[in-house]
Amino acid sequence: LRNRLLPLTSLRDQLKLDDTDASDEDRFVIVTQVGNFSFGIIVDKVFDTEEIVVKPVSSLLRNISLFSGNTILGDGSVIMILDPNGIASDIGEISAVEQVAAEHAAVAEEESNRERVPLLVFHAGDDTPMAVPLALVARLEEIDLEEVEISNGQLVVQYRGGLMPLLPLRADGEISKSGRQAAIVFADRDRSMGLLVDEIVDIVEDRLEIELTTERPGMLGSAIIDGEATDIVDTSYYLTQAYGDWFVPRGGETTTVAQSRRKRRVLLIDDSSFFRNLLSPLLSVAGYSVTTVESANRAMELYEQGKDFDIILSDIELPGMNGFEFAQAVRASERWAGLPLIALSAYTSIDHLQRGRVVGFDDYVGKFDRDTLLRTLESALNPEGVEVGND
């Protein structure tokens with residue numbers, strides 16, 4: 001898999017199920033990572049992704065290492081939750097050998113690559129590859145085009161009990177009248193939007209650096225992804241095309257809370273225009289007022305100008321003064337010394353976490369982990385857990 005050997009294990013064998021019912025159709029492989037060890041679990045079918053509440057496994061089953069818990073779905077059915085750690089240990093000798101090799105490869109990769117992120121690569125309209133960060137994607141679907149309708153001048157489809165807007169990514173905006181077409185689904189709370197594309201190509205990990213910017217609406221520019229010139233899609237553009245108020249706080253909050261949050265000033269430091277353009281509107285969904293700069297040196301210029309903020313989000317890998325040096329400068333300053341300081345990075349190694357805390361970062365969040373980022377912001381700005389504006 002992508003120039004590396006991937007150990008495989010059959011879930012049917014792990015569960016000691018009879019193989020007589022297995023069909024000759026194509027199987028699916030779920031690529032799983034435990035620590036630095038990657039392996040594939042062969043399954044018959046993939047149904048969907050779902051957010052669940054994990055319940056602890058019964059004491060009667062605790063000796064079975066394959067399960068970490070269970071959950072009860074909306075229809076009342078009980079679903080067992082697999083434990084990747086248990087499956088990895090059950091693989092046996094191959095896991096130990098592969099784990100050592102994977103650890104060495106991971107160290108070498110981290111040293112030689114900066115900001116590698118998972119990307120979904122696809123085609124739409126021609127052979128030019130396009131990509132979006134995988135972490136922004138909620139689901140991949142195949143839409144029956146005969147079920148596509150027009151409502152309020154917009155293409156929609158009935159999806160999960162509601163109407164989901166569809167936006168063709170082809171330059172001509174045309175779609176077929178019949179057949180099935182791939183759709184990349186983005187979701188936030190109770191709203192979803194689908195981008196219609198021609199073909200899902202692959203999921204790759206690569207550095208995401210915009211080489212050529214563009215004025216084309218819906219595109220951030222071009223980057224070299226997996227050795228090919230690839231157009232990077234501006235997801236924020238299409239989200240606001242589907243819902244004009246996608247990034248406007250709505251529902252579930254009192255006006256007082258929303259107004260209070262809008263007063264929270266966030267300084268976002270990242271040398272990548274892509275990440276600045278991506279994270280800024282995502283933070284707006286919580287009502288924060290965001291100021292973005294491209295370097296720590298520029299941030300310190302704002303400090304000298306007397307600018308004040310409620311919280312700072314900073315990338316680690318920055319030109320000139322890096323994130324660790326910036327954190328030390330902030331903690332040594334007068335006005336900003338007590339501000340919550342959150343590190344944003346694709347790195348999640350223990351060494352990075354420890355070093356970040358030593359120099360003054362309060363927390364460490366992955367760049368594409370939107371939910372954790374918003375929770376961390378709320379927690380850092382409201383450590384007492386009291387919702388502003390509620391009696």
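All values reported here derive from a predicted model rather than from experimental measurement.
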Contact check, side chains of [X] and [Y], non-hydrogen atoms, under 4.5 Å:
X	Y	result
Asp198	Phe122	no
Leu8	Leu6	yes
Ile224	Thr230	no
Ile311	Leu339	no
Val233	Leu220	no

Rounded to the nearest 0.5 Å, what separates atom [atom1] in [X] from atom [atom2] in [Y]?
X	Y	atom1	atom2	value
Met219	Leu169	CE	CG	5.0 Å
Leu11	Gln14	CG	CD	7.0 Å
Thr291	Arg265	OG1	CZ	9.0 Å
Leu66	Ile87	CG	CD1	6.0 Å

side-chain hydrogen bond (donor to acceptor under 3.5 Å, both in side chains) between Ser295 and Asn297: does it pass, once the steps are laid out?
CA-CA 5 Å; Ser295 68; Asn297 292 326; 5.0 Å; no
Does Arg170 come within less than 4.0 Å of Asp126, counting only side-chain N to carboxylate O?
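Salt bridge flag = no for Asp126 with Arg170.
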Answer yes or no: is there an ion pair linking Asp270 with Arg298, defined by an N-O contact shorter than 4.0 Å?
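Arg298 and Asp270: not salt-bridged.
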Could you pull out the closest heavy-atom pair between Leu163 and Gln158, with the gap in Å?
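Heavy-atom minimum between the residues: CD2-CG, 3.8 Å.
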Would you confirm whether Asp315, through its side chain, and Leu318, through its main-chain N or O, come within 3.5 Å as a donor-acceptor pair?
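Here the side-chain-to-backbone pair does not exist.
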Backbone of Leu341 reached by a side-chain donor or acceptor of Asp362 within 3.5 Å:
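Pair found, side chain donor or acceptor close to backbone of Leu341.
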Just checking, is any N or O donor in the side chain of Tyr159 or Arg139 under 3.5 Å from an acceptor N or O on the other one?
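On atom types as modelled, these side chains qualify, holding a pair under 3.5 Å.
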Test log, rule side-chain hydrogen bond (donor to acceptor under 3.5 Å, both in side chains), inputs Gln181 and Ser176:
CA-CA 9 Å; Gln181 187 160 350; Ser176 301; 5.3 Å; no
Start with the C-alpha gap between Asp231 and Thr128, add the side-chain angles, then the distance that decides, and say whether side-chain hydrogen bond (donor to acceptor under 3.5 Å, both in side chains) holds.
CA-CA 7 Å; Asp231 291 341; Thr128 302; 5.1 Å; no
